[in-house]
Structure formats: C-alpha cells, structure tokens
Amino acid sequence: MHLVCQRCKKARATVHITDTFPQKREWHLCEECAGEEGIIRKQEDEAFLEKTQSTTALLQEFLKHKSAGSKLDNVTCEHCGITFREFKQQGLLGCPQDYTTFREMLTALVERAHEGATQHVGKVPVRADTTTQKRLTLTRLRRELQEALKCENYELAARVRDQISELESV
Amino acid sequence: MKLGDFTRMTGEWLRGEGPLADVVVSTRVRLARNLAGYPFLTRASDSERTEIYRILSERIAACPFGRDAVLVDLEEADALDRELLVERHLISKQHAEGAGSRGVTISAGETMALMLNEEDHLRIQGLSCGMQVEEVWREADRIDSELGAHLDFAFDCQFGFLTACPTNVGTGIRVSVMLHLPALKLTQEIERILRAARDMHLAIRGLYGEGTEAAGDFFQISNQTSLGKTEAELARSFVDSIVPRIVEYERVARTALARTRGQQLDDKIWRAYGTLAQARMISTEETQALLSPLRMGICMDRFHELDLPRLNEIFLLTQPAHLQKVLDKSLDGQARAAARADFIRSRLES
C-alpha cells in the first residue's frame with residue numbers, strides 16, 4: 001500500500017515533507033507535483049543550474065532544504081517584481097533592491113554561504129555618502145579593536161580605540 | 001589591436017615566470033560590481049542591458065586604463081573569436097555563450113579583462129603569471145576606484161557591494177590561483193589536499209574555471225567567502241597560508257618521486273615528449289595531459305628540450321580556436337587533430 005499524491009490524486013507520492021509554518025502539517029506529493037510546487041527542482045532546472053551557476057551549489061543546497069510553501073516565498077520586490085520563490089528557483093536576484101526586500105531571508109542565507117559573516121567590512125565605494133563612510137569605518141575599526149584585544153596587542157587596541165572615539169565625536 | 005593579433009602573443013598569465021612559478025601557473029583576481037539604479041541582468045530589459053553596456057564601456061574608455069585597452073563587442077563577435085577569448089582566460093564560458101549586449105575590455109598585455117554584462121554588470125579581472133595575488137588585487141582595486149569615482153555601484157551597508165548572486169556579495173572579490181600539481185596526482189595525495197582545501201571553504205575548479213574538470217593536472221583554487229573579511233585579508237590568506245602550503249606539498253612530492261622513482265619519472269616525461277614529437281593526430285586533452293609531465297620535468301631541471309615559455313605557447317596555441325586562428329582555416333574533428341599534431345611537431349623541431 002502506498003500513498004497517493006495529495007495534489008494530483010493520481011501518482012504515487014514519493015516526496016514527503018513536514019511543514020512547520022504556519023502550522024504543523026504533512027505533505028505527500030509525487031515528484032512531478034513537488035517540482036511544480038518548487039519543493040524539489042525539476043530536471044531542466046538542474047541542467048540550467050549546472051550550466052549557469054556552479055558557484056551557487058552551496059546556496060542551492062541550502063535553498064533545497066528550506067521549508068517550501070512558506071509565506072515568505074510570496075514576498076515580492078516592488079522594483080523588479082521577483083518573488084522570493086523565483087529567486088530560490090533560479091539562484092539569482094533581480095535587482096539591488098531585493099537585498100532590502102528580502103533582507104531577513106538573505107541574511108540567513110548569506111551567513112551560511114560566507115562562513116557565518118553577515119556584515120561587510122571591506123571596501124566602501126568612493127562615492128558613498130559620508131554617513132555610510134562613517135558607519136562602515138566604525139564597523140571596521142570595532143572589528144580591528146576586537147582582533148587587537150584577542151591578540152593581546154594593547155598598544156594597537158588603544159590606538160584603534162582613540163580612532164573610534166575621534167570618529168564618533170564628529 | 002584586433003582579435004587575430006592575440007594569436008601572436010602568449011598572454012601575460014602564460015609567460016611562465018613569477019613567484020612560485022614551478023607550481024603556480026597564474027593568478028587571477030576579480031571584483032564584481034553592478035550599477036545602482038538598474039536591475040541585475042536576469043531582470044534587465046534589452047534596452048536596459050544596452051544602456052548598462054553603453055554607460056560602462058564609455059566610462060572605461062574615458063579612464064586612464066581604458067586608453068590602451070580594446071573593447072570586444074561579444075554580441076557582434078563570431079563564435080570562434082569568443083572561444084579564443086575563453087581559451088585565453090579573458091572571458092568565462094558563460095560570457096562567451098551568453099546572449100544580448102555584452103563585451104569585454106582587454107588591456108594591452110592582457111593583464112586586465114573587464115567583462116561587461118556577464119552575471120553582474122561589471123567584472124573587473126586582473127591576471128598575472130605566477131603567484132602575485134596582492135599585486136593583481138591592487139591593480140584591480142585601482143581600476144575599481146577609477147571607475148567608482150564616476151559611477152554609482154550598488155552598495156548596502158550590511159551586504160557591501162551587491163551582486164546578482166548572494167554568494168558574491170560584500171567585497172565581490174574572487175581570488176583564483178591556477179596550480180600545476182602533477183606529483184601530488186602521481187603519488188595519489190591529491191584528493192587529500194583538495195579535500196583539505198574544500199574544508200577551508202575554497203572552491204576547486206578545472207583549467208577553464210566554473211563547471212570545468214581539471215585537465216592535465218591543472219587546478220584552480222579560489223575563495224568562496226567574499227563577505228566578513230576585507231579584500232586585503234582575503235588576499236593575504238592565499239599569500240600567507242593556502243598557496244605556500246600546497247606548493248610545499250607538491251615540491252615535497254616531486255622530490256620524493258625523484259628520489260624513489262626517478263627512472264619511472266624520466267620515462268614518463270620522455271614518453272610524453274616522444275608522443276608529442278611523433279603523433280600524427282592528437283586531441284587538445286591529450287596534448288594538455290602530455291604537456292603536464294614535460295612542465296614538471298622542466299621545473300625539476302630534468303628535461304631541457306623545451307623551456308616554459310615555449311611549452312606555454314604550445315599549450316595555448318593548440319587549443320581548438322587558437323589552432324584554427326593560427327592556421328587561418330576552419331577545421332573540425334579529425335582534420336583538427338591532424339593539424340594539431342603537425343603544428344606540435346613543427347614547434348618541437350624548431
């Protein structure tokens with residue numbers, strides 16, 4: 001005796017998932033329907049991914065395991081029209097604004113892809129406004145302070161702390 | 001400079017010089033950037049794509065770097081020219097096979113190649129031979145600053161430089177070092193080394209970058225993390241620990257091979273040379289696989305029939321697009337294998 005797909009009510013259900021949000025619920029789907037629902041990737045998607053973005057293997061792996069059908073999937077960027085579900089399917093975002101629209105979801109993903117990091121500490125664009133420049137310089141200096149303290153380089157730590165207070169007072 | 005002229009030069013990254021050149025073939029650093037106020041290319045209309053291309057190409061042409069550089073419009077270029085650029089590592093396969101308005105600006109000496117409308121609007125790539133991560137990064141960074149003085153790049157206080165794929169955000173940097181590891185392959189230690197590299201969050205790719213298999217014992221090692229560290233820190237990690245460690249393993253393996261299996265090693269080198277010097281038909285893959293032990297032989301001072309620049313030239317010019325450009329005729333399958341064998345013989349005799 002095997003389970004029949006809850007969606008098409010025809011094929012044998014081979015994909016079994018438990019949704020925990022918004023409430024606990026079990027899903028039993030056939031491969032075809034699971035693909036349609038974006039729960040598993042269809043073969044052509046696989047080929048597409050293989051071809052276009054092997055860098056994103058890690059990302060895809062992560063996305064694959066994310067619970068499907070959650071509310072967040074339907075969040076849409078008002079600038080480019082992409083939904084989070086579409087991003088999950090293709091692995092590429094639609095516009096820079098997506099990083100604001102999907103910030104919460106992307107932070108979790110970025111954290112995983114970048115060894116736990118969620119904050120940029122590198123170069124700041126030449127044309128960035130002074131507030132951005134100041135904010136990111138402070139982020140970088142605070143990080144340097146932590147590093148210096150960790151290495152017990154108190155002389156450097158003191159210098160960095162002075163730089164921080166100087167910048168904060170501006 | 002026309003595309004045909006490229007076949008008369010070997011390209012900076014194949015000069016066979018530079019620090020640690022016995023193991024490190026070349027260094028590449030790329031920075032990914034996107035224009036603020038425009039969608040990424042997945043969502044850009046044809047007209048937006050064309051506009052992005054125009055803005056970037058005009059700005060590049062106007063900056064000091066652009067004055068001696070050549071812009072290749074890849075939408076116009078024919079398939080053979082695009083393949084030629086892939087073989088020279090100036091563009092990715094993805095860029096060659098893409099569609100719509102896109103191109104690449106290449107500096108004199110091929111030390112810089114800026115891809116326009118690849119996965120991101122702009123990818124600034126610096127290239128050099130040997131192990132020169134910090135030098136190449138500084139050069140790419142300088143061009144980024146030159147362009148960034150006039151262009152607004154998409155940037156976010158948390159995520160840094162914004163890219164179409166979230167795996168590239170932050171610095172947008174990818175450092176790739178091409179390593180030649182024949183001895184580790186022969187002693188079957190390569191898997192262990194590559195596994196260790198993967199554990200260090202490094203990606204391992206083949207000769208032509210993403211989605212390609214390692215051929216002829218050449219491996220590209222690159223960072224996967226681009227956020228949470230500064231560009232300088234990422235570059236330094238390659239210089240201080242990652243690359244020197246692998247180079248050391250390869251050198252130790254070479255020394256051990258010479259000591260314990262010297263005769264077999266020489267036999268392998270000379271058989272490879274014999275095949276290259278006598279074959280009447282040969283594929284690109286076989287050519288690269290046979291040039292690999294010769295390169296090791298040259299670097300170990302055991303083989304003196306060739307030097308690295310000449311070997312590199314054969315390596316480059318026997319690839320399908322180069323071969324057809326050099327011979328100035330379109331060749332397929334068997335005819336190409338025969339022409340390649342003739343070409344190699346003529347180069348080895350001279």
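Quantities reported herein were computed from a predicted structural model and do not represent experimental measurements. Sequence lines set the chain letters: A, B, ... in the order given, protein chains first and strands last, and positions in each chain run from 1.
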Novice: Do you know which of A/Gly122, A/Ala117, A/Pro125 has the most heavy-atom pairs with chain B at a distance under 4.5 angstrom?
Specialist: A/Pro125
Novice: For chain B, find which of A/Arg143, A/Gln97, A/His79, A/Gln119 contributes the most heavy-atom pairs closer than 4.5 angstrom.
Specialist: A/Gln119
Novice: With a 4.5 Å cut-off on side-chain heavy atoms, are A/Arg127 and B/Phe153 touching?
Specialist: no
Novice: Let me know if B/Ala203 has heavy atoms under 4.5 Å from chain A in its side chain, its backbone, both or neither.
Specialist: neither
Novice: Between B/Thr42 and chain A, with a heavy-atom cut-off of 4.5 Å, which part of the residue counts as in contact: side chain, backbone, both or neither?
Specialist: side chain
Novice: Among A/Thr118, A/Thr139, A/Val124, A/Thr100, which residue has the highest count of heavy-atom pairs closer than 4.5 Å to chain B?
Specialist: A/Thr118
Novice: With a 4.5 Å limit on heavy-atom distance, are the side chains of B/Phe40 and A/Leu92 in contact?
Specialist: no
Novice: Under 4.5 Å heavy-atom distance to chain A, tell me which part of B/Asn34 shows up: side chain, backbone, both or neither.
Specialist: neither
Novice: Ignoring hydrogens, what is the shortest heavy-atom contact between A/Leu109 and B/Pro166? Give both atom names and the distance.
Specialist: CD2-CB, 4.0 Å
Novice: Taking B/Ser226, B/Ser222, B/Ala44 one by one, which has the highest count of heavy-atom pairs under 4.5 Å against chain A?
Specialist: B/Ser226
Novice: Do the non-hydrogen side-chain atoms of A/Lys123 and B/Phe161 ever get within less than 4.5 Å of each other?
Specialist: yes
Novice: Within the 4.5 Å heavy-atom criterion, are A/His120 and B/Cys157 side-chain neighbours or not?
Specialist: no
Novice: Where on B/Leu151 is there a heavy atom nearer than 4.5 Å to chain A: the side chain, the backbone, both, or neither?
Specialist: backbone
Novice: If I measure from the heavy atoms of chain B, does A/Arg135 come under 4.5 Å with its side chain, its backbone, both, or neither?
Specialist: side chain
Novice: Near A/Asp129 CG, under 6.0 Å, is it more than 12 heavy atoms from other residues, nucleotides or ligands?
Specialist: yes
Novice: Go through the atoms of B/Phe159 and report whether side chain, backbone, both or neither lie under 4.5 Å from a heavy atom of chain A.
Specialist: both
Novice: Show the nearest heavy-atom pair for residues A/Cys95 and B/Pro39, with the distance to one decimal.
Specialist: CB-CA, 3.7 Å
Novice: Name the option with the most non-hydrogen atom pairs under 4.5 Å to chain A; the candidates are B/Asp144, B/Thr230, B/Leu162.
Specialist: B/Leu162
Novice: Is atom CD of A/Glu78 surrounded by more than 12 heavy atoms (other residues, nucleotides or ligands) closer than 6.0 Å?
Specialist: no
Novice: So, for A/Tyr99 and B/Val169, which heavy atoms are closest and what is the spacing to 0.1 Å?
Specialist: OH-CG1, 2.9 Å
Novice: Counting only heavy atoms closer than 4.5 Å, note whether A/Glu86 contacts chain B via side chain, backbone, both or neither.
Specialist: side chain
Novice: In Å, rounded to the nearest 0.5 Å, how long is the span from NE2 of A/His114 to NE2 of B/His201?
Specialist: 11.5 Å
Novice: Side-chain contact test, heavy atoms from C-beta onward, threshold under 4.5 Å: evaluate it for A/Val110 versus B/Gln158 and give yes or no.
Specialist: no
Novice: Which distance, rounded to the nearest 0.5 Å, do you find between the OG1 of B/Thr167 and the CZ of A/Arg112?
Specialist: 14.0 Å
Novice: Out of B/Leu41, B/Leu234, B/Asp152, which one racks up the most heavy-atom pairs below 4.5 Å with chain A?
Specialist: B/Asp152
